[in-house]
Amino acid sequence: MEYNFREIEQKWQKYWAENKTYKAEINQKPKFYVLDMFPYPSGAGLHVGHPLGYIASDIFARYKRLCGYNVLHPMGYDSYGLPAEQYAIQTGQHPEVTTKANINRYREQLDKIGFCFDWDREVRTCEPIYYKWTQWAFQKMFNSFFCNKEQKAFPIDILIAHFEKEGSGDWDIAETEHLEFSAAEWNSWDEKKRNDVLMNYRIAFMGETMVNWCPKLGTVLANDEVVDGVSVRGGFPVEQKKMRQWCLRVSAYAQRLLDGLDTIQWSESIKETQKNWIGRSEGTEVLIKVADQDVDFTIFTTRADTMFGVTFFVLAPESELVDKVTTADQRAAVDEYVKYVKGRTERERMIDHTVTGVFSGAYGVNPITGEKCPIYIAEYVLAGYGTGAIMAVPAHDSRDYAFAKHFNLPIIPLIEGADVSEESYDAKEGIVMNSPMAGKSAIDGFTLNGLTIKEAIAATKKFVSEHNLGRVKVNFRLRDAIFSRQRYWGEPFPVYYKNGIPTMIPEECLPIELPEVDKFLPTETGEPPLGNAQVWAWDEENRKVVDKSLVNEKTIFPIELYTMPGFAGSSAYYLRYMDPRNDKALLSEDASAYWQNVDLYVGGSEHATGHLIYSRFWNKFLFDIGVSKKEEPFQKLVNQGMIQGRSNFVYRIKDTNTFVSLGLKDQYDVTPIHVDVNIVKNDVLDIEAFRTWRPEYNNAEFILEDGKYVCGWAVEKMSKSMYNVVNPDLIVETNGADTLRMYEMFLGPVEQSKPWDTKGIDGVYRFLRRFWALFFDANGNFCVSNDAPSAEELKTLHKTIKKVTFDIENFSFNTSISAFMICANELGKCNKRQILEPLVIILSPFAPHITEELWHLLGNSTSVCDATFPTFDEKYLVENFVKYPISFNGKVRFTLELPADMSKEEVEKTALANEQTQKFTNGAAPKKVIVVPGKIVNIVL
RNA sequence: GCGGCUGUGGUGUAAUUGGUAGCCACGUCAGACUUAGGAUCUGAUGCUGCGAGGCGUGGGGGUUCGAGUCCCUUCAGCCGCACCA
C-alpha cells in the first residue's frame, strides 16, 4: 500500500476531533502545561514561520503525554488590536467581522497541521466572557496599593484606614510623587480631593504623564510600542505630550521582576534584555541647597565618590525646578532655551547629541565642601530618570566633560594618574585624590583621599546618610505602563465618572461590553471613538448601561471613553486557559491549585520588553491577591527563531518588457523585480505562470540561459510585499502535514532564525515513505511479523530510543529526526513487531498522523497518544549486548584508573587485558588506546 | 559606550559535553532500472596532493597526553539598552 498522506491525515484529524482525544481534565496524574504565544489573527493568514514554535511545543506536549503527564496544551486568539481597527476605518467593516473571518482562516490552517490542542479551552480576548476578567483584574489593581517594605500589593482600604488615623505617616509605599499630610488634613478633605490623593498610590491609577502620542494612529503608545521615535505598528512619528491617562504601576514591581529572573529557565539573552529594560541602578540621592534662595533640590548619582569633583549642576529643561531657581536676569535666556527644547521631537533629541544648555543664574551649594557651583539647564539631563537633576563631574563623566568644555567650566580630576586633558576618565578603577584638594577642607574633616573608588562610594554613602545630607536610593529605568488607548477595538474600561471622580462599575455587573459605534474614527470634538457610542452611560441605580442622552439625570454618569491596550488581554490568558468558561471567577481554586503555572512557554523573542514583562507583572499582582499560585507565570521559555523569506528576483531591462536571466543580467541595464516565489522552483522561473501572474507581464519577453530563466535571490523578512510568503497549506497539500512538521524541525535548532528553503524537504518525505514501507510486503499488504528480533535490531532500537528521549528533553528536534533516519537506514527491511511498535510510539510526537494509522494497523484500538513512551534501560543493554557499542554513533569510550607508577607499556597492556575492556571489545582490537603517562587510559572502539 | 548571542564543507547542520571533526540531510558527481526523469535504488563527495602524506572548526596566543568545546586576546555578524547621571 502506498503512503497516502492525504487520506491518512484527513481520517485521523477527524477522529481526534470527534473523540476529543486532546481534551485535558484535572486528574490524579502529574500536570504539565505547554503553551504557545497565542497569535493575533491577521488578514494574511499563517505563513510557514508561524507554525515553527507551535510544532516544537506540540512535539513536546505529545512527548510529555506519552511519559504519563496530564498535559494542558491550549490555543486561542489575541483578537483585539490595531490592524483590525485600521482596516475598519478604511473599509467601514466592523472589526468583529474581519476578526472572526481571520480566526476561522487561522483555525483551518492550524487544523491541517495536526496539533494536539484542546480546542474546548479556546479563548478570544475580544469576547465578553474573556475580557470580563481583564476588567476585573484592572479593578483589583485600582483597589490596591503596593507596599515597598513588604514588596507586595494590599487592598487600598488598609491605606485609607492608615490615612484616617496617621495621615501619610512614614509608610514606604509605591507612589507617583511624594506627599506628606496629616490625619487631620486627610479627614478634612472632600471626596474628590481624597480620590486625587489615592490616585497617587493605586496600582491602576490615572496620572498626568508624558506619553508617546502618535498623531497618525490617534492614540498613545507604550514604550515598547515605540522604537527609534516611530510607532512599531505603521512606523509613524511619535511625539511627547502630557496627557491624563490610565497607568499601571509596573515600576513598583521592578525589584521583584528583576529577582524573579533568577528563578526561571529563560535564555540568557532575553533575561539580559529584561534586566536592561528594568535598569536597576544603585546610587545616592543628595539634597542640594540653592544659594541665596529658599529652594533646594535632590540629585541622583551612582558616583557618590566624585562629590569633590562637582563643578556645576544641571537640571532637565522639563523640571519644575527650572522656574523656581532661574534668576530675573537669566529669565529670558532660560525661557528661550526651554522653548527650543520643547520644539524638538524625541527623535531629534535621540539622534542629535550636540551640546546645548543655558545658565540659570542660580548657584547650588555642594553640601560636603560648601562651595557654590552654577546651575545649568540642559537637555542632556532627562526629566524622566532619577530626579531630573544631576551634579556634574566633568573629569569622570563624558557627557559632563563635553558640557564643561563647551561652556568653559572647570574640570577637577579625582583619580590618581587619570589624564583628563583630552577626555574624561569614566572607568570605576583607581585611587581617589583631590578629595578634598590640598589646602581645602570639607565638613567634619571628611576625606576620601587614598581610597579605592569602591571604598569611596561606600564611605560617601555612609557620610551622607549620617549627616542627613541625602539617602541611599535605588533607581529603575522601568516606567509605569500607560494603560489607555484612544481606540475602539479594545477592552472598555469598567469605569464611570461620578461628578468627575473615576468610579468602578460594581464587580457583579461585569463585563461592561464594548458598545456599537457608527464610526470608528474619533469624534469631531476630538473624543476617542467610543465618543460615537450612543448607549454609553452608567445608570448607578439600575446598575446597567444606558443611553448617554440621559446623563444629566440624577444617577446616570458618563462611562470612560478610552479602551485598554493590546497587552491587557494577553497578560493573563495563560491563567484563563486553566478554567476558560468559569463565569464566577477568573479561574477556580481547584484549577489554579492543579495547573499552577506554565511549564513550557514557546514564542518569539520580540515580546521580551512587552508582553513578557507585562504578564510577569500582571501575574505577580494576581499572586499577591491569591489568584495565581506561582510568582512567575512561565517557568521555562523557548524563543523560536524567525523564519525569514527567501525572495526571488527577475531582471527587467530598463524601459522594456523583456526579462533577462540571472547569468546574463550584467550585460544589460536592468531593474530587479520581486517575483512570487510560488512560481519559481529551485530558482528557475515558470515562464507561463509568470505571464499569467499579473496582466502587465502578459506579453513579457525572456532572454534565457541554457533554455531556462534563472532568478536571483535574497534572504529578507517574509512578507506579502516581497512575494516570498510560503503558505503551510501548500506544503501540506503536496507533501503532507507530517512531512511539514518534521521538515520544519529538521531545518535546524528551534531557537535559530533561518531562511525558508523548500529544497531539502524531499529527504524527510523519503524517510516517512521508507518508514511506512517497513510495514508492508512486496505486494503492498500489511505485513508485520512476530519473530524475535536479532540482537543487532534490538541494539538499533534501543540506541534510537535513548537518543530521541535525550534530544526531546533538550528541545533538540533536528537531531532526533537524524536519529530516526539513521535508525531506518540500519533496520533495512526489518518488519518485526517488537522493533516497529516502540518506534511508532517514539515517532508519534513528530509525525502524529502516519503513526496513528500504523498504530491502528498494528491492532491497537486506542490512540497512539495513550501509549507509553518506551524507556531505555542502559544497564539492561549493557548486560545483554555488551559486545555492541552503546553510544549512538557507534563509539565506546571509557576510562580506567590505574596505579600512578605504571609505565606506559604496562598501562596499555593492563588496559587491554582488563575485564571491562574485554567485555566491550569482545576480543577485537580497539581502534585507539589513549594512554596518559601515570594512570588514566581511554579506550576507543 | 555597556551587555548578550553567534562564527564548523558548496548548503542546512552534527559531535557521546574535553576524547577519531564533519553524523543526518540537501546539492553535486558516477552507476543501475527506465521511452523519459524534477521517480526509485546503489556508490562517491572537507581542502590539497598521482601517492605515502599534509592542512583543516573566523585570526592569534594559552591550559592539557588530547581543544570545535576551557582561558586570554582579536576580528566579523546579529540582537538588546543607551545623553540613565
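What you see is a predicted model; the values in this text were computed from it and never measured. In the text below, chain A, chain B and the rest are named by the order of the sequence lines, each starting its count at 1.
Annotation: B/rU42 and B/rC79 have their C1' atoms spaced 46 Å apart (nearest Å). Rounded to whole Å, the separation between the P atoms of B/rG31 and B/rC50 comes to 23 Å. Nucleotides B/rC70 and B/rU17, compared at atom C1', are 12 Å apart to the nearest Å. B/rA25 sits 13 Å from B/rA44 when the P atoms are compared, rounded to a whole Å. The gap from the C1' atom of B/rG46 to that of B/rC2 amounts to 40 Å, rounded to the nearest Å. To the nearest whole angstrom, the two C1' atoms, one in B/rG10 and one in B/rC29, are 13 Å apart. Annotation: B/rU64 and B/rG4 have their P atoms spaced 28 Å apart (nearest Å). Nucleotides B/rG22 and B/rC41 are separated by 26 Å at their C1' atoms, to the nearest Å.
When distances run from any side-chain atom of A/I822 to the nucleotides B/rC81, B/rC24, B/rA85, the shortest one goes to B/rC24. Here B/rC24 is the nucleotide among B/rA85, B/rC24, B/rC81 with the atom lying nearest to any side-chain atom of A/M821. Of the candidate nucleotides B/rC41, B/rA14, B/rA85, B/rC41 has the atom nearest to the side chain of A/R770. Distance from the side chain of A/F746 is smallest for B/rA25 among the nucleotides B/rA25, B/rC83, B/rA85. Of the candidate nucleotides B/rG4, B/rC81, B/rC24, B/rG4 has the atom nearest to the side chain of A/E272. You'll find that the side chain of A/S818 is closest to B/rC24, out of B/rA85, B/rC83, B/rC24.
At B/rC24, none of the side-chain N or O atoms of A/N825 fall inside 4.0 Å of OP1 or OP2 (strictly under the cut-off). Between A/Y380 and the phosphate of B/rA85, there is no side-chain N or O to OP1/OP2 separation shorter than 4.0 Å.
Residue A/F846 contributes atom CZ, which lies 18 Å from atom P of B/rC24 at whole-angstrom precision. In this structure, A/D757 places its CG atom 10 Å from P of B/rG27, rounding to the nearest Å. Distance, A/I377 CD1 to B/rA85 P: 22 Å, rounded to whole Å. We find that NZ of A/K275 is positioned 10 Å from P of B/rG4, with the value rounded to whole Å. Rounded to a whole Å, the CZ atom of A/F300 is 7 Å from the P atom of B/rA85. Atom CH2 in A/W266 sits roughly 17 Å away from atom P in B/rG80 (whole-Å rounding). The interatomic distance linking A/K754 (NZ) with B/rC5 (P) rounds to 19 Å, in whole Å.
In this structure, B/rG9 makes no Watson-Crick or G-U wobble pair, since no nucleotide meets both defining distances under 3.5 angstrom. Partner assigned to B/rA15 is none, using Watson-Crick or G-U wobble distances below 3.5 angstrom. As the counterpart of B/rU35, no nucleotide is assigned, since no Watson-Crick or G-U wobble pattern has both distances under 3.5 Å. B/rG43 is paired with B/rC29 under the criterion used here, namely a Watson-Crick or G-U wobble arrangement in which both key atom distances are under 3.5 Å. Across the strands present, B/rC81 finds its partner in B/rG1; the criterion is a Watson-Crick or G-U wobble pair with both atom distances under 3.5 angstrom. Using N1 to N3 plus N6-O4 or O6-N4 for Watson-Crick, or N1-O2 and O6-N3 for G-U wobble, each under 3.5 Å, B/rG53 pairs with B/rU48.
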Please write out each protein N/O paired with an N/O of nucleotides 36-39 of chain B under 3.5 Å, distance rounded to 0.1 Å.
unit_1 : atom_1 : unit_2 : atom_2 : d
B/rG38 : N2     : A/K681 : NZ     : 3.1

Could you write out each protein N or O paired with an N or O of nucleotides 69-79 of chain B at a distance under 3.5 Å?
none

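In this structure, the side chains of A/T354 and A/E379 stay at 4.5 Å or more apart for every pair of heavy atoms. Using a 4.5 Å heavy-atom cutoff, the side chains of A/F820 and A/V804 are in contact. Looking only at side-chain heavy atoms (C-beta outward), A/I761 and A/N735 come within less than 4.5 Å of each other.
Heavy-atom distances to RNA chain B give each of A/I817 and A/F806 a nearest nucleotide, and the one nearer the 5′ end belongs to A/F806. Along RNA chain B, the nucleotide nearest to A/N814 and the one nearest to A/N276 differ in position, and the one closer to the 5' end is contacted by A/N814.
The backbone N or O of A/E688 sits less than 3.5 Å from a side-chain atom of A/D686, completing a donor-acceptor pair. Looking at A/D400, its side chain does come within 3.5 Å of a backbone N or O of A/V393 through a donor-acceptor pair.
In this structure, A/I390 reaches the bases: a heavy-atom distance under 4.0 Å links it to at least one base atom across the strands shown. Among the atoms of the strands shown, none is found under 4.0 Å from any heavy atom of A/P755. A/V381 comes within contact range of at least one nucleobase, with a heavy-atom separation under 4.0 Å.
Within a 6.0 Å radius of CD in A/E751, other residues, nucleotides and ligands contribute more than 12 heavy atoms.
For the pair A/R616 and A/W266, the cation-pi criterion (under 6.0 Å, within 45° of the ring axis) is fulfilled.
Here B/rU40 is in the anti range [glycosidic angle more than 90° from 0]. B/rG9: glycosidic angle within 90° of 0, hence syn.
Aromatic ring centres of A/F312 and A/F403 lie closer together than 6.0 Å. Checked against a 6.0 Å centroid threshold, the rings of A/F813 and A/F811 count as neighbours.
Using the six-membered ring where Trp is involved, A/Y425 and A/H396 have ring planes that are perpendicular, over 60° apart on the 30 and 60° scheme. Using cut-offs of 30° and 60° on the angle between ring planes, the pair A/Y3 and A/Y765 is tilted.
Looking at every heavy atom in both residues, A/A395 comes nearest to A/P413 through CB-CA, 3.7 Å. Residue A/A254 comes nearest to A/I278 through the heavy atom pair O-CG2, 3.9 Å, listed as atom of the first residue, atom of the second, then distance.
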